[in-house]
Amino acid sequence: MCGIVGYIGWQAAAPLLLQGLKRLEYRGYDSAGLAILNGNRISVIKQKGSVSTLETDSVTFRAEMRDATLGIGHTRWATHGEPSDRNAHPFLNASGDIALIHNGIVENFSVLKTELLSEGYIFTSDTDSEVLVHLIDRIWKSNPSLDIESVTRNALRLVEGAYGLCIISTREPDRIVVARKGSPLVIGIGNREFFIASDTAPIIEHTNKVVYLSDGELAVIKRDGYSVKSIDNVAQDKTVTELDFTLEKIEKGGFEHFMLKEIFEQPEVMNNVMRGRVHPEKGLVRLGGIIDYLDRMKQSKRIVICACGTSWHAALIGKYLIEEFARIPVEVDYASEFRYRNPIVGIDDVVIVISQSGETADTLAALHVAKEKGALVMGICNVVGSTIARETLCGIYTHAGPEIGVASTKAFTAQVIMLYMFALALSKGRTISHDEMILHLTELSKIPEKASRTLLLNTYITDIAKLFKDARNVLYLGRGYNFPVALEGALKLKEISYIHAEGYPAAEMKHGPIALIDEDMPVIFIATQDNTYSKILSNIEEVRSRKGRVIAIANEGDKEINRLAEYVISIPHSSAPITPLLTVIPLQLLAYHIATLRGCNVDRPRNLAKSVTVE
Ligand code: G6P
């Protein structure tokens, strides 16, 4: 978590850094700060709250620092120490000639802090990050002949935990030192200028040429070039990657919020995910990134999918799809559980890690565990060049484009389509016939158009949202393929509206949640016409007889459901395995409208972050 930016070049640094931080606020917005180096002075401005607050208050600061062309900036998601001015980054050493920003967690900070305190160092914050600047200061004082690069390297050898960090100093005023272990860092290469950021969002408007730092690497960036070395001081040969997305893709494009824009982008995203991969007329699905490993995967005894949050819900749908089509047993694990329970995984297994950001710390750790145990590890990621994408043996990108809204929407539907294609690819020549393949792929290729029709329900869903915006609890129920959708619907609502919501398998309601139902309790049923349809009608009756208020997501033309539910949201027909791609859309819209009606900041919900790079 936390977003970090840096700039060294010929333009005024402060406005560039502020602009960059705004693009990273999805990584945290508890506080923001800048350190600008001008000749022999480092000036810092930092405070609790968002980057806009900092921007407003930084006018005088910026005027003072007008000529400065080097600086670093940070937007924070609090781990150690509450969100406050004093815990905001950057941190300075006592003499004010070294400034540092950090993303990650220094796990041995308490030992280091105790040592530093005993040596007389004074801490001005409660953060783990501050130890780093004092550590560097201590090493430099005891070896004044060392350069900033060596001092940083020596300091990092003492640090346990994760870091993405930038350091500047008036002692060597023409460079930024950056280092990475567990927290992402990218260097953008401009014309006699360099941009540093936690991801490419702040860089793309300046240059499309980037270098991704790998774990254990440290770079020194000057105006005339950069060098990358390992923490052991071995020069690294880095590849320059050319990004192929535009700034327009990461702006709101006329929508009030990124989340709404991203919900409405889903038909286009669905087409993008399938482009060049799905060939219905030939009964062929081609997934280039895993093609060399597909036969081995078809032989596997078992597939384990690890993910977090919304990606975990997509994984659960993936289980249903793979088991139904490919008949290979699938287990779905929370990455955070998998990594710590010595899982039984070996060379006969495939482990799939799913992550929108490709940076989630638990998912990355699960990947490492699976690799160590010899499993074939495959990734499904959205962010191109992300750590998970680079560390898996093989993988497929979802190509959903940058997702900025903290609550995931289009990345979810892209993951589900990807899993659908993957399940079919695994089945080809084994468990489903060529004709069935054609049928499934034809059905899949129609989904973007059906998603567009589903989005036309937006106004009606806004009306429903007005009626239920003051609910205190909401229950989401679904069966089969729609059970994970119920979980996702509930997650969307709680993430952005702060209303308590639970997703449940509809039949399990009888074993607990039914006790909660009364006339104030909205219950959202996902009741499309699949093989559990008649059963779900009985579940609706059970809720109605306890006076619960029923909202149903059902298929167009369903008369029976009109009789039972107070409000019906009618979506196009599709086969059961494809249904989640449609049923989730009204639930995303409902959560969005309820949250905006309640005055919540949907793109930046409290306490959450888009990319969770801490455990
Ligand atoms: C955070 C985000 C969620 C996301 C989850 C997993 O909690 O707020 O939207 O689903 O992380 O992220 P990943 O990038 O690994 O899919």
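As the structure lists them, so they are numbered: ligands from 1, and atoms in each ligand from 1.
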N382 and S357: side chain donor to acceptor below 3.5 Å: no

Which residue and heavy atom of the protein sit nearest atom 7 (O) of ligand 1, plus the separation: V612 CG2, 3.9 Å

Residues E217, K238: salt bridge by 4.0 Å N-O rule: yes

Atom 8 (O) of ligand 1 - nearest protein heavy atom and its distance: A609 O, 3.0 Å

Contact check: T360 vs ligand 1, nitrogen or oxygen atoms, below 3.5 angstrom: yes

Side-chain ion pair, K261 and E265, N-O less than 4.0 Å: yes

Side-chain touch Y212/T200, heavy atoms, less than 4.5 angstrom: yes

Qualifying residue for side-chain hydrogen bond (donor to acceptor under 3.5 Å, both in side chains) with S408, from E488, E403, E262, H313: E403

Shortest heavy-atom approach to atom 9 (O) of ligand 1 - which of V383, V406, T409, I354: V406

Residue among K373, R302, K371 satisfying salt bridge (Lys or Arg N to Asp or Glu O under 4.0 Å) with D349: R302

Numbered atoms and elements of ligand 1 in range of S355, under 4.0 angstrom, heavy atoms: 13 (P), 14 (O), 15 (O), 16 (O)

Ligand 1 atoms in contact with K610 (distance to a heavy atom under 4.0 Å): 1 (C), 2 (C), 11 (O)

Any N/O pair Q415/ligand 1 closer than 3.5 Å: no

Minimum-distance protein heavy atom relative to atom 5 (C) of ligand 1: C308 O, 4.0 Å

Check ion pair E25-K22 (N to O, under 4.0 angstrom): no

For atom 4 (C) of ligand 1, the protein heavy atom that lies nearest, with its residue and separation: T310 N, 4.2 Å

Cationic N near anionic O, under 4.0 Å, R339 to D362: yes

Per-atom contacts, ligand 1 versus S311 - under 4.0 Å to a heavy atom: 10 (O), 13 (P), 16 (O)

Proximal atoms of ligand 1 relative to S408 (non-hydrogen, under 4.0 Å): 9 (O)

